[in-house]
Amino acid sequence: MAATSGKIVQNVFTSQCCQQNRQSSRRDYCAPYMRNSLPSPSGKLTWTGISSMQLRTLSKPRNDITIQRNILCNASASSTVVPYLDNTDFQKLQNGSDIRGVALDGVEGEGVNLTEPVAEAIGAAFAGWLVEKKKADASQHLRVSIGHDSRISAKLLQNAISRGLAGAGLEVVHYGLASTPAMFNSTLTKDEAFLCPVDGSIMITASHLPFNRNGFKFFTNAGGLGKPDIKDILERAANIYNQFTDESLKNSEIMASLSIKIVDYMTVYTSDLVKAVRKAAGNIEKPLEGFHIVVDAGNGAGGFFAAKVLEPLGAITSGSQFLEPDGLFPNHIPNPEDKTAMKAITKAVLDNKADLGIIFDTDVDRSAAVDSTGREFNRNRLIALMAAIVLEEHPGTTIVTDSVTSDGLTTFIEKKLGGKHHRFKRGYKNVIDEAIRLNSIGEESHLAIETSGHGALKENNWLDDGAYLMVKILNKLASARASGVGGGSNVLTGLIEGLQEPAFAAELRLKINQNHPDLKGGSFREYGETVLKHLENSISSDPNLQKAPVNYEGIRVSGYGGWFLLRLSLHDPVLPLNIEASNNDDAVKLGLVVLAAVKEFAGLDTSALNKFVGS
């Protein structure tokens, strides 16, 4: 989708608005996004006519419900209401079970495709989808909650999607700065004082992606929407968008201004987290008293955890960092998988001599931890820790993970803990849905968790909640102290004793050139599947290699004291290659096995693999 040009009227009755007093305030608010952001040669953000202090102000959440829009008064009244976009343009916004796009100018080569009119159409489409799912009649007034992370574009998209919902006749409740897990919880909470439960919920976020991106996650009380639901909503949105008229946009604006309510739902959500820890410790008021725990929110939405969860439980939180929401993410990417982010929280723990460090991603559906010695609990270690906690509560249960977990983790879960490891596909929704499926056929599973830090528990309605994962860890600390066991975070470290970790691990990305003649006009997915099939055939005659007997994604092979997995990316024209081995030489041997099989595919960029085996 191309960015809207300055001559296109994006919004309602422009010629009239230019004569009204409210026009200036709207344009002042939106202008920094639409007119003052320019791509720089380096691909970084360049702002003109706006100070850094103004930028910081714009990035902070606001509590007003004024419906603000970018009104371009140099456009003629006869101009098209919105530029034409077809269904294909909308489908490009689908990212698995989420919607994601470019919401702001500022990065070279990335045109804005998640505009306000597009967001308004998506809101109206979700409203139609929800009415059908709930089988609501005209007498029912369905209610939808909306929250957002710290991104700069959050307010504009919140107001736009609110207009779509309100214009379709739904009640809209704004939560302001919130976490993704809290938004799902609002569909389950029963408290009319907080206008709960809501019938549907929308989180405005793009997780750890750069500042210019944004998107939407959708929930009902049945959980997050799946890929078919998102496809359906985007098809509806395409039709709605191209039927916009000045009158319909004006009506939706009026209805939104009359129907939007504001609720501080995060108070409810954080209170529930505090209660969970107190309950685990035998209803002690301050079960974490004396524990020093630092939090790194990465300037995302997770800053609440220090003051609203840890401090009421008695923990000391001095040394916590980057708690203030800032949509430019000036300190590090809010991502528990990012090495820079993990170094930052590790340094904070060591510098402050803290017992534990906790780090969240932007919208708090992922997390990781660091013990008092600086040892990281993320990826396989976090899965091992959560598996140990869950298997104490539910002996023998199945732990569902994504496909890139290590062989050592399988041994730990099955031999040390007595559980069952069910390695499935990448994608947090895939992992969660598989755990739900296993339960439905009689195989008990209480934990679904990805190496990315997405983790969901059966006891928490299969919601991937980074804050709740950390609460489970805090429960362990609190209950250990209540039973007379000391040692701080050593209690946690002891739970993963015996986990075998590879001396060498790497992930390489082999890109598929979609324009290469070798694809013969086919899709990158078809080409990738051909590569995988050829690899499978090529390793069958090598006695040093053994194909995994049970595997749900790509080709996983053990040999030379390690393993590799080559799979097709869920969304991109890429074949990620994961290699783990006991030493560098064995890792290179595994890399050479893959290279020998795939080098004849001219449409596959093997430069990363060539460099790996050459080094």
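We count residues from 1, following the sequence as given.
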For the pair H534 and F601, name the ring-plane relationship: parallel under 30°, tilted 30 to 60°, perpendicular over 60°. perpendicular
Whether K231 and E235 form a salt bridge (side-chain N of Lys/Arg under 4.0 Å from carboxylate O of Asp/Glu) is what I want to check. yes
Would you say that more than 12 heavy atoms from the other residues, nucleotides or ligands in this model lie under 6.0 Å from the CD1 of I333, or not? no
Would you find a donor on one side and an acceptor on the other, under 3.5 Å apart, between the side chain of Q500 and the backbone of F412? no
N-O pairing of D433 and R437 below 4.0 Å: no
Decide if the gap between the ring center of F504 and the ring center of F612 is smaller than 6.0 angstrom. yes
Please tell me if the side chains of T397 and L391 come closer than 4.5 Å, counting only heavy atoms from C-beta onward. yes
If only atom types and distance count, is the side chain of S186 paired as donor or acceptor with the main-chain N or O of M183 below 3.5 Å? yes
Under-4.0 Å salt bridge between R366 and E450: no
Is there a donor-acceptor contact under 3.5 Å from the side chain of N113 to the main chain of G101? no
Kindly give the heavy-atom pair with the smallest separation between W462 and A435, and that separation in Å. CH2-CB, 3.6 Å
With H332, which residues qualify under ring pair (Phe, Tyr, Trp, His ring centres under 6.0 Å), at least two apart? F322
Nearest-0.5 Å distance, OG of residue S367 to CG of residue D296: 12.5 Å
Using 0.5 Å steps for rounding, measure from the CD1 atom of I539 to the CD atom of E536. 7.0 Å
Would you kindly say whether D586 and N583 are connected by a side-chain donor-acceptor distance under 3.5 Å? yes
Rounded at 0.5 Å granularity, tell me how far NE2 in H454 sits from CG in D465. 11.5 Å
State whether the number of non-hydrogen atoms from other residues, nucleotides or ligands found under 6.0 Å of K425 atom NZ is greater than 12. no
Side chains of V268 and N185: does their closest heavy-atom pair fall under 4.5 Å? no
Non-hydrogen side-chain atoms of M470 and F377 separated by less than 4.5 Å: no
Worked verdict on V557 versus V594 for side chain to side chain contact (heavy atoms under 4.5 Å, CB included): CA-CA 10 Å; V557 176; V594 178; over 6 Å; no
E376 side chain reached by T346 side chain, heavy atoms, under 4.5 Å: yes
Heavy atoms, side chains only, cut-off 4.5 Å: are L273 and V277 in contact? no
Contacts of F218 meeting ring pair (Phe, Tyr, Trp, His ring centres under 6.0 Å) (sequence neighbours excluded), chain-then-number -> F126
Atom CG of L385 and atom CG of L499: how far apart are they, to the nearest 0.5 Å? 10.5 Å
Side chains of S150 and F329: does their closest heavy-atom pair fall under 4.5 Å? yes
From CA spacing to verdict: side chain to side chain contact (heavy atoms under 4.5 Å, CB included), W129, T220: CA-CA 11 Å; W129 179 92; T220 68; 3.8 Å; yes
N-O pairing of E444 and K458 below 4.0 Å: no
Checking side-chain hydrogen bond (donor to acceptor under 3.5 Å, both in side chains) against D149, which of T205, N214, T362, N299 comes through? T205
Evaluate whether atom NZ of K134 has more than 12 neighbouring non-hydrogen atoms of other residues, nucleotides or ligands under 6.0 angstrom away. yes
So do the side chains of I230 and F216 get within less than 4.5 Å of each other, counting heavy atoms only? no
Before you tell me yes or no, could you show the steps for R556 and D407 under side chain to side chain contact (heavy atoms under 4.5 Å, CB included), namely the whole-Å CA-CA distance, both residues' side-chain angles and the distance that decides it to 0.1 Å? CA-CA 11 Å; R556 187 179 179 112; D407 288 346; 2.9 Å; yes
Interatomic distance, L114 atom CG to F90 atom CZ [nearest 0.5 angstrom]: 9.5 Å
Please check this pair: side chain of E414 against backbone of H421, looking for a donor-acceptor N/O pair closer than 3.5 Å. yes
In short, Y560 meets L590 closest at the heavy-atom pair CD1-CD2, 3.9 Å
Using side chain to side chain contact (heavy atoms under 4.5 Å, CB included), reason through K472 and E393 one step at a time and then give a plain yes or no. CA-CA 11 Å; K472 291 293 287 186; E393 301 170 351; 3.0 Å; yes
Is there a donor-acceptor pair under 3.5 Å between the side chain of N221 and the backbone N or O of T187? no
Hey, does the side chain of D361 reach the backbone of D365 with a donor-acceptor pair shorter than 3.5 angstrom? yes
Salt-bridge contact D371-R375 (side-chain N to carboxylate O under 4.0 Å): no
Can you check whether F194 and Y265 have ring centres sitting under 6.0 Å from each other? no
Hey, can you tell me if Y552 and H422 have their rings parallel, tilted or perpendicular (30° and 60° cut-offs)? tilted
Would you say NZ of K416 has more than 12 non-hydrogen atoms from neighbouring residues, nucleotides or ligands within 6.0 angstrom? yes
Spacing of OH belonging to Y527 relative to CG belonging to L532, to within rounding of 0.5 Å: 12.0 Å
Give a yes or no on whether the backbone of R213 and the side-chain of R151 come within a donor-acceptor separation of less than 3.5 Å. yes
For L570, is there any backbone N or O sitting under 3.5 Å from a side-chain donor or acceptor partner on R525? yes
If the threshold is 4.0 Å, N to carboxylate O, is there a salt bridge linking R426 and E553? no
Is there a donor-acceptor pair closer than 3.5 Å between any side-chain N or O of S445 and the backbone N or O of T398? yes
Is a donor on one side and an acceptor on the other found under 3.5 Å between the side chain of S153 and the backbone of A103? no
